[in-house]
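Taking it in order: structure first as structure tokens, then the write-up.
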There are 2 protein chains.
Amino acid sequence: MDERWQALKPDEAQSTPLYLQFARKLADAINAGWWQADEALPSERTFSDELGISRVTARKALDVLLEQGLIRRRHGSGTFITPRLEQPLSRLTSFTEMLKQKGFEPSSVWLERSIATPTHDEVIKLGLSPTAQVVRLKRQRLADGVVMAIEQSTLPLAYLPDPQAVGSSLYAFLDAAGHPVVRALQHIRAVNAGPDIAASAGIKQGEAMLLMTRIGYTADNVAIELTDTWCRNDYYDFVAELRR
Amino acid sequence: MDERWQALKPDEAQSTPLYLQFARKLADAINAGWWQADEALPSERTFSDELGISRVTARKALDVLLEQGLIRRRHGSGTFITPRLEQPLSRLTSFTEMLKQKGFEPSSVWLERSIATPTHDEVIKLGLSPTAQVVRLKRQRLADGVVMAIEQSTLPLAYLPDPQAVGSSLYAFLDAAGHPVVRALQHIRAVNAGPDIAASAGIKQGEAMLLMTRIGYTADNVAIELTDTWCRNDYYDFVAELRR
DNA sequence: CGTTTTTGATACCTTCTTAATACCAGTTGT
DNA sequence: ACAACTGGTATTAAGAAGGTATCAAAAACG
């Protein structure tokens with residue numbers, strides 16, 4: 001067991017804060033399967049004693065992992081690692097959630113909030129009736145004040161009577177309205193930035209961008225959201241882990 | 001660590017301002033992967049002391065990188081390199097697989113099979129020793145005779161002594177050699193096609209392409225394969241299903 | 001030649017991390 | 001009911017990090 005503590009020990013000489021170092025190492029250890037799912041981790045005091053760090057530092061590292069959903073704490077009982085089944089590899093997270101997790105300050109600027117007649121493409125993809133109308137939302141997505149993506153969402157008017165009512169998070173709004181998105185199909189392509197998108201995103205025209213097209217479904221399998229997101233390629237990284 | 005400082009040191013004799021020289025060198029170092037995402041850079045005072053420049057100079061250089069979004073500063077904490085926004089994907093199916101299912105005939109043409117000295121980037125990503133050599137494989141991927149993607153794989157020479165021995169499937173070869181890839185991390189970005197890739201892929205220079213970078217791991221968690229695949233955006237469309 | 005801008009150095013301020021405590025509040029086993 | 005764990009919270013303090021204001025020399029410019 002002793003080598004294990006060694007591997008978790010943060011390095012004082014590095015300039016990265018101790019708690020971040022420890023958080024990373026502990027996350028690696030958990031992912032490497034050092035502890036069984038639902039097994040208690042060593043207590044905060046044990047970490048503190050064995051690694052020669054203060055309990056506050058150990059605790060702050062655990063806070064990070066808690067934020068990532070890797071562990072769960074039970075007051076008086078202990079800290080447990082979250083069973084893998086409950087943390088699907090590809091969680092459907094909103095832009096807002098993802099940024100907060102990364103320590104950025106998310107914000108958005110509305111470019112458009114209007115009611116419109118759907119295009120043919122939208123009618124098909126959202127399974128609309130020919131006469132239905134839609135709400136169109138277009139905005140810049142910012143992290144710490146920097147434009148990271150341009151997002152255009154289309155929703156059936158029936159689910160979103162007032163376009164102005166949406167706050168900073170569309171998903172939060174849909175949750176509150178009783179129509180949470182639980183599943184989504186996402187297509188990813190590369191496109192050259194057109195003049196309008198380039199201008200909104202603050203990049204040169206023709207620059208390569210990732211175009212993510214997502215169709216969100218509610219629990220009863222109704223397509224409720226069609227979102228095109230043009231992602232600035234220098235800030236986004238799409239990651240997939242494959243196993244066989 | 002000492003050679004590193006040497007490489008960052010600006011040259012007083014040059015006419016370009018010290019802080020610009022330093023900014024450039026530091027940016028190169030970051031791009032070369034000297035520090036991990038979310039890791040802290042040395043402090044401004046450390047740079048100042050080690051490089052024999054004033055703290056303001058070091059700071060002005062960091063200002064430049066901050067402007068470029070390469071780094072983030074946290075008052076009282078340190079300077080960190082900006083993490084990319086990771087968008088997790090799973091159940092990723094590529095268009096080639098769909099093509100196969102639809103009955104297209106995949107094939108490939110070798111462009112290069114050689115032994116080479118790894119780039120700095122490859123050394124980092126494959127965890128190589130500085131003296132190790134690698135095999136480089138480059139080929140066109142075709143479907144019914146049309147170029148769909150350009151693929152360049154890099155493997156440690158130790159695992160693949162003879163580049164010519166690889167048949168049409170790299171994975172089949174590795175399986176037979178007793179080093180099957182069981183897990184892979186795949187990153188997807190958008191890039192503008194450079195002159196060489198454009199020529200090989202039969203498209204115009206500057207056209208947006210999907211660049212898929214895959215690192216394959218064996219059962220004992222050793223990185224054995226680094227593959228860059230430039231996918232023609234008119235033929236590729238990655239699909240992922242997300243849940244929460 | 002004088003003026004303005006750039007560059008670099010110094011000193012001081014604010015904020016964050018880390019640590020050392022102490023104490024509170026649930027949980028568990030005896 | 002109790003003792004001995006667990007996590008949760010608050011306080012204090014020192015040290016280290018980025019933030020900022022000021023000034024001097026050098027370069028660029030009119």
Side-chain angles (χ1 to χ4, degrees), chain A residues 8-26 30 35-36 38-82 100 102-105 144-145, chain B residues 8-26 30 35 38-82:
Chain A
L8 289 175
K9 204 160 200 164
D11 181 8
E12 195 107 24
Q14 278 194 292
S15 50
T16 308
L18 293 179
Y19 77 99
L20 284 179
Q21 291 184 46
F22 176 45
R24 168 166 290 189
K25 285 168 192 259
L26 187 55
I30 289 174
W35 295 278
Q36 294 297 312
D38 276 327
E39 190 181 351
L41 252 53
S43 74
E44 297 173 0
R45 288 174 178 84
T46 309
F47 278 132
S48 156
D49 291 346
E50 292 289 337
L51 300 178
I53 59 181
S54 114
R55 195 184 144 207
V56 184
T57 309
R59 192 173 162 72
K60 282 193 81 166
L62 291 173
D63 283 340
V64 174
L65 302 194
L66 185 69
E67 194 71 25
Q68 295 173 2
L70 221 58
I71 58 171
R72 221 162 260 184
R73 289 205 270 221
R74 294 223 303 265
H75 191 171
S77 176
T79 305
F80 303 83
I81 83 168
T82 311
K100 276 186 183 158
K102 287 269 174 191
F104 288 94
E105 188 57 44
D144 285 356
Chain B
L8 290 175
K9 203 160 199 164
D11 181 9
E12 195 107 24
Q14 275 193 286
S15 60
T16 48
L18 293 181
Y19 78 98
L20 283 180
Q21 292 183 46
F22 175 45
R24 162 154 229 158
K25 285 167 193 258
L26 188 54
I30 290 174
W35 295 279
D38 270 328
E39 200 177 345
L41 254 51
S43 74
E44 296 174 358
R45 286 174 177 84
T46 307
F47 279 131
S48 149
D49 291 347
E50 292 290 337
L51 302 177
I53 58 182
S54 124
R55 200 187 134 207
V56 182
T57 310
R59 192 174 163 72
K60 282 189 81 167
L62 291 174
D63 283 340
V64 175
L65 303 195
L66 185 69
E67 199 70 26
Q68 297 171 3
L70 228 58
I71 57 171
R72 304 168 63 195
R73 290 206 266 222
R74 301 219 312 249
H75 192 172
S77 178
T79 305
F80 299 77
I81 89 159
T82 310

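Protein chains get the first letters and strands the later ones, always in sequence-line order, with residue 1 at the start of each. From a predicted model like this one, the values you see are computed outputs, not experimental measurements. Heavy atoms only: backbone and side chains are in, while hydrogens, waters and symmetry mates are out.
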Rounded distance in Å - [atom1] ([X]) to [atom2] ([N]):
{"X": "A/Asp49", "N": "D/dG7", "atom1": "CG", "atom2": "P", "value": "12 Å"}
{"X": "A/Lys60", "N": "D/dT9", "atom1": "NZ", "atom2": "P", "value": "14 Å"}
{"X": "A/Phe80", "N": "C/dT27", "atom1": "CZ", "atom2": "P", "value": "11 Å"}
{"X": "B/Phe47", "N": "C/dG8", "atom1": "CZ", "atom2": "P", "value": "16 Å"}
{"X": "A/Arg72", "N": "D/dG8", "atom1": "CZ", "atom2": "P", "value": "14 Å"}
{"X": "B/Leu20", "N": "C/dG8", "atom1": "CG", "atom2": "C1'", "value": "13 Å"}

(message) Tell me if the CD atom of A/Gln14 is crowded by more than 12 foreign heavy atoms within 6.0 Å.
(response) yes
(message) How about CZ on B/Arg24, more than 12 heavy atoms from neighbouring residues, nucleotides or ligands closer than 6.0 Å, or not?
(response)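 For B/Arg24, atom CZ is not crowded (no more than 12 foreign heavy atoms under 6.0 Å).
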(message) Does C/dT7 have its OP1 or OP2 closer than 4.0 Å to a side-chain nitrogen or oxygen of B/Thr57?
(response) no
(request) Output yes when at least one side-chain N/O atom of A/Tyr19 is less than 4.0 Å from OP1 or OP2 of C/dT17, else no. (result) yes
(message) Main chain of B/Leu70, side chain of B/Thr82: is a donor-acceptor contact present, judged purely on distance under 3.5 Å?
(response)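 Indeed, once roles are kept as given, a pair shorter than 3.5 Å links the two residues.
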(message) Using a 3.5 Å distance criterion without hydrogens, assess whether the side chain of B/Thr57 forms a donor-acceptor pair with backbone atoms of B/Tyr19.
(response)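 Checking the backbone N and O of B/Tyr19 against the side chain of B/Thr57, no donor-acceptor pair under 3.5 Å is found.
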(message) I'd like to check the side chain to side chain donor-acceptor pair (under 3.5 Å) partners of B/Ser54; sequence neighbours left out, ordered by chain and number.
(response)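 In terms of side chain to side chain donor-acceptor pair (under 3.5 Å), with neighbours along the sequence ignored, B/Ser54 is linked to no residue.
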(request) List for me each residue that meets salt bridge (Lys or Arg N to Asp or Glu O under 4.0 Å) alongside A/Glu44, sequence neighbours excluded, and say none if there are none. (result) A/Arg55, A/Arg59, A/Arg73
Using nucleotides 17-20 of chain D, report all nitrogen or oxygen pairs with the protein that are shorter than 3.5 Å.
unit_1: D/dG18; atom_1: OP1; unit_2: B/Thr79; atom_2: N; d: 3.4
unit_1: D/dG18; atom_1: OP1; unit_2: B/Thr79; atom_2: OG1; d: 2.8
unit_1: D/dG18; atom_1: OP2; unit_2: B/Glu44; atom_2: N; d: 2.8
unit_1: D/dG18; atom_1: N7; unit_2: B/Arg45; atom_2: NH1; d: 2.9
unit_1: D/dG18; atom_1: N7; unit_2: B/Arg55; atom_2: NH2; d: 3.3
unit_1: D/dG18; atom_1: O6; unit_2: B/Arg45; atom_2: NH2; d: 2.7
unit_1: D/dG18; atom_1: N2; unit_2: B/His75; atom_2: NE2; d: 3.2
unit_1: D/dG18; atom_1: N3; unit_2: B/His75; atom_2: NE2; d: 3.2
unit_1: D/dG19; atom_1: OP2; unit_2: B/Arg59; atom_2: NH1; d: 2.9
unit_1: D/dG19; atom_1: OP2; unit_2: B/Arg59; atom_2: NH2; d: 2.9
unit_1: D/dG19; atom_1: OP2; unit_2: B/Arg73; atom_2: NE; d: 2.8
unit_1: D/dG19; atom_1: N7; unit_2: B/Arg55; atom_2: NH2; d: 2.8
unit_1: D/dG19; atom_1: O6; unit_2: B/Arg55; atom_2: NH1; d: 2.9

(message) With nearest nucleotide decided by heavy atoms, which residue, A/Pro17 or B/Ser54, maps closer to the 5′ end of DNA chain C?
(response)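 Comparing both residues, the 5'-ward one is B/Ser54.
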